[in-house]
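Quick notes on the structure that follows.
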Amino acid sequence: MAVKKLPIAKAINESLRRALDTDPKVLVMGEDVGKLGGVFRVTDGLQKDFGEDRVIDTPLAESGIVGTAIGLALRGYRPVVEIQFDGFVFPAYDQIVTQLAKMHARALGKIKVPVVIRIPYGGGIGAVEHHSESPESLFAHVAGLKVVSPSNSSDAYWMLQQAIQSDDPVIYFEPKRRYWDKGEVNTDAIPDPLHKARTAREGTDATLVAYGPMVKTCLEAAAAAAEEGKSLEVVDLRTISPIDFDAVQASVEKTGRLIVVHEAPTFFGSGAEIAARITERCFYHLEAPVLRVGGFHAPYPPARVEEDYLPGLDRVLDAVDRSLAY
Amino acid sequence: MTVESTAARTPRRASSGGGKRASASAKKAASAKQGAAQGRDAAQGGEPELVQLLTPEGERVENSEYDRYVADITPEDLRALYRDMVIARRFDAEAVTLQRQGELGLWPSLLGQEAAQVGSGRATRADDYVFPTYREHGVAWCKGVDPTLLLGMFRGVNNGGWDPNTNGFQLYTIVIGSQTLHATGYAMGMAKDGADGAVVAYFGDGATSQGDVAEAFTFAAVYNAPVVFFCQNNQWAISEPTEKQSRVPLYQRAQGYGFPGVRVDGNDVLACLAVTKWALERARGGAGPALIEAFTYRMGAHTTSDDPTRYRRDEERAAWEAKDPILRLRAYLTAEGHADEGFFAELEAESETLGKRVRDVVRNMPDPEPMSIFDNIYADGHALVDEERAQFAAYQASFADAPVNAATGGEVK
């Protein structure tokens, strides 16, 4: 059994390597993904080993990257596209929403467009503007796309394998502030299905739902709450489209309280969707309204105040207290 | 007026299409030689050259660069090109009629662009792949797509509805210019596969303003992709003339990207065939992309919803009628003795038969089942789609099961 301890960025790198190695149709495309290995070094060494034809440095044009990836997918390739930063995806948004998401349906299922779009997302790294955003809801809102976000190395590795194997377009959001967090990866494991949530910590008093970078924050909050005698369950959603509502429902039926945590603004965010659907599913189990902790309806703020904008331990625990007060 | 704007405007006045035959505007460009237009700028004060093999009067003019691409063309081939254009026009007319009768929601007519589409379409081989806009009905015909399949999306029974891989003809693309990137990516894939085929990306004059088209040019050039960019400059992007899109002739855009651009008489099927063959051959041979600007005219409205009388003059249309693509080939066929009245009569009957078939098929196209809303959204399925499908099915079923509406107490239909 091959168990390695890898940071998330390296787990993604190994996963890409495995995909390139096992499927000659897999391509890696993006800005600076070649010699540089990407601005986060996620694709480090791949071009050296697989060549410029398979690990492709593209012109600096996001719509062009995704648009040509669609064409390559129509030709039978499985492109894995890197968008350099969350805030840079919007030039490609038209191709993703108007073309990529709809093509399978428009052809009455006759063609498939298995494109994976990797996007490092979220804040907490002290970056300049357009480098810290969380646009996952803008993609989850679009039928035809699947949206996932791993929180740890093992999921980063396996969910990318599954995303590449999927015949659907998958937007794969990488928690860039957690890139260097290490975790065990068993490369021989039989992974959980891609679109299943995972209970990251069991608890009985309230449920925290998070994905990507906020899972760690919620686990820290749960640990802190435990010291105060509160038992919090943490559900790592893993997949934002589709959402594993059965898993969230099961947890809420147990705890009676739900707080959804994400970096993205709460307004029209994934937390709003979860709150609505869980209220429908668990109306008679809920002891308190579903609460959300997330970004404000404001442009992502300058780095010097981003810690005030981002959900942290205290804001999560504050929401827990408010929930428990009902 | 600047040199650039002169260059952009003069072709619209060059009613003879800039061939050897003298016209008022051609005289001004006495120094501009007929023939090789590839990658050349318009001479200062002159006008962009335009490849033409058949004059509007149906006279064959020699062209040292492009004659070789149609050198082996037979009278039978010429009759076939004529047939394609007539059928494309007849099909298009039937679709316009069907829209007027309420059988289609919308129709974008190709009237006037038959030569550009048939010439370029017939230049492709079976292993070449086409990425159309939404007006390439003539190209679809050349690629062997059953014309009735094109009508589903305009009737509102589907959003595309054919298998692009059956004929190498991708779905129509409505958002302008997007498909040029798909074409480029597909061509990159062909090159990776070591395939011998090439790709033709169709788009219009308006699309040249889109960022996606610019990016497609960039990617195609950088990766030397075997893609031919075939721009039908029909002079109007809905109500905006080409001058609102560019200050230089469109074919000259190619120069900045490092590949050749050619302007061809888009109403000359022979010239369109020759120039597209040239571009496809060089693409297959590894020489990379080329841009063809087929200089033509949209004789009809942008779509059946459009009213061109609000923005263009009848005189302009009348001037282009004299350059009709079908009439000029008919004149040539007749003058050369390549076709007799029997051929034309037979073709007339054939196109009427097609018109009737199209009419019958469209009128009998069933509306999709409501539950089909949930079909083919994902290849691998999606839990939310499954849930909503089940909920909607239960809702539908509730009408069948309950004789009385529980909420209102009224009768259910």
Side-chain angles (χ1 to χ4, degrees), chain A residues 25 27 29 53-54 56-77 79 91 94-95 98-99 101-114 140 143-146 165-170 194-196 239 241-246 273 277, chain B residues 129 131 152-153 158-166 170-175 177-193 195 199 201 210-212 214-223 225 227 372-387:
Chain A
K25 292 295 186 186
L27 305 171
M29 303 171 64
D53 283 343
R54 300 199 55 209
I56 305 167
D57 270 329
T58 64
L60 211 167
E62 287 79 9
S63 188
I65 297 169
V66 173
T68 52
I70 291 170
L72 283 157
L74 293 173
R75 181 65 190 176
Y77 286 88
D94 170 54
Q95 281 287 345
T98 312
Q99 304 298 329
K102 297 176 172 67
M103 212 169 266
H104 179 69
R106 295 189 62 233
L108 305 181
K110 302 289 199 312
I111 53 174
K112 293 167 180 169
V113 271
L145 302 177
K146 290 177 172 172
Q165 284 159 15
S166 169
D167 280 333
D168 290 311
V170 180
L194 180 58
H195 298 294
K196 287 285 176 202
T239 168
S241 177
I243 287 175
D244 183 359
F245 287 111
D246 291 346
E273 183 61 34
R277 291 197 183 254
Chain B
Y129 215 99
F131 286 76
M153 63 188 290
N158 59 46
N159 288 328
W162 60 88
D163 182 349
N165 290 325
T166 304
Q170 170 64 353
L171 300 169
Y172 276 175
T173 301
I174 287 180
V175 176
S178 307
Q179 76 282 0
T180 57
L181 281 169
H182 311 156
T184 301
Y186 196 93
M188 289 163 63
M190 275 184 153
K192 282 183 192 303
D193 294 342
V199 174
Q210 286 281 1
D212 276 3
E215 293 186 22
F217 288 178
T218 297
F219 276 67
V222 165
Y223 297 115
V227 55
S372 71
I373 291 169
F374 302 98
D375 291 348
N376 298 311
I377 303 170
Y378 293 91
D380 294 342
H382 190 282
L384 179 62
V385 174
D386 295 343
E387 185 182 324

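In what follows, every chain begins at residue 1, and chains take the letters A, B, ... in the order their sequences are listed.
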For chain B, which of [options] has the most heavy-atom pairs under 4.5 Å?
| options | value |
| --- | --- |
| A/Met103, A/Lys102, A/His195 | A/Met103 |
| A/His104, A/Lys110, A/Gln99 | A/His104 |
| A/Lys112, A/Lys146, A/Arg54 | A/Lys146 |
| A/Leu72, A/Val113, A/Leu27, A/Asp246 | A/Leu72 |

Portion of [X] that has a non-hydrogen atom of chain B nearer than 4.5 angstrom:
| X | value |
| --- | --- |
| A/Asp94 | side chain |
| A/Thr98 | side chain |
| A/Ala69 | neither |
| A/Ile111 | side chain |

About how many Å separate [atom2] of [Y] and [atom1] of [X], when rounded to the nearest 0.5 Å?
| X | Y | atom1 | atom2 | answer |
| --- | --- | --- | --- | --- |
| A/Leu108 | B/Trp162 | CG | CH2 | 10.0 Å |
| A/Leu74 | B/His182 | CG | NE2 | 7.5 Å |
| B/Thr184 | A/Ile70 | OG1 | CD1 | 12.0 Å |
| A/Thr58 | B/Tyr223 | OG1 | OH | 5.0 Å |
| B/Ile377 | A/Leu145 | CD1 | CG | 12.0 Å |
| A/Arg106 | B/Asn158 | CZ | CG | 9.0 Å |

Report yes or no: does B/Asp380 contribute a side-chain atom to a donor-acceptor pair with the main-chain N or O of A/Asp167 at less than 3.5 Å? yes
Between B/Tyr378 and A/Ala105 (side chain of the first, backbone of the second, donor and acceptor by atom type, cut-off under 3.5 Å), is there such a pair?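 Not a single qualifying donor-acceptor pair exists.
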So does A/Lys25 have more than 12 non-hydrogen atoms from other groups sitting under 6.0 Å from NZ?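 More than 12 within 6.0 Å, yes.
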Would you indicate whether B/Lys192, at its atom NZ, is surrounded by more than 12 heavy atoms from other residues, nucleotides or ligands within a distance under 6.0 Å?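 Yes - once you tally the heavy atoms of other residues, nucleotides and ligands closer than 6.0 Å, there are more than 12.
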Is [X] in contact with chain A via its backbone, its side chain, both, or neither, using a 4.5 Å heavy-atom distance?
| X | value |
| --- | --- |
| B/Gln179 | neither |
| B/Met153 | side chain |
| B/Phe131 | side chain |
| B/Ala383 | both |

Counting heavy-atom pairs under 4.5 Å with chain A, the top scorer among B/Ala191, B/Ala225, B/Gly381 is B/Gly381
Taking every non-hydrogen pair under 4.5 Å, which of B/Ala379, B/Ala220, B/Gly161, B/Ala214 racks up the most with chain A? B/Ala379
Among side-chain atoms of B/Asp193 and A/Tyr77, is any donor-acceptor pair under 3.5 angstrom? yes
Heavy-atom closest contact (A/Pro242 atom, B/His382 atom, distance): N-NE2, 3.1 Å
Note, A/Arg277 side chain near B/Glu387 side chain (heavy atom, < 4.5 Å): yes
Can you check whether A/Ser241 reaches B/Leu384 side chain to side chain, under 4.5 Å on heavy atoms? no
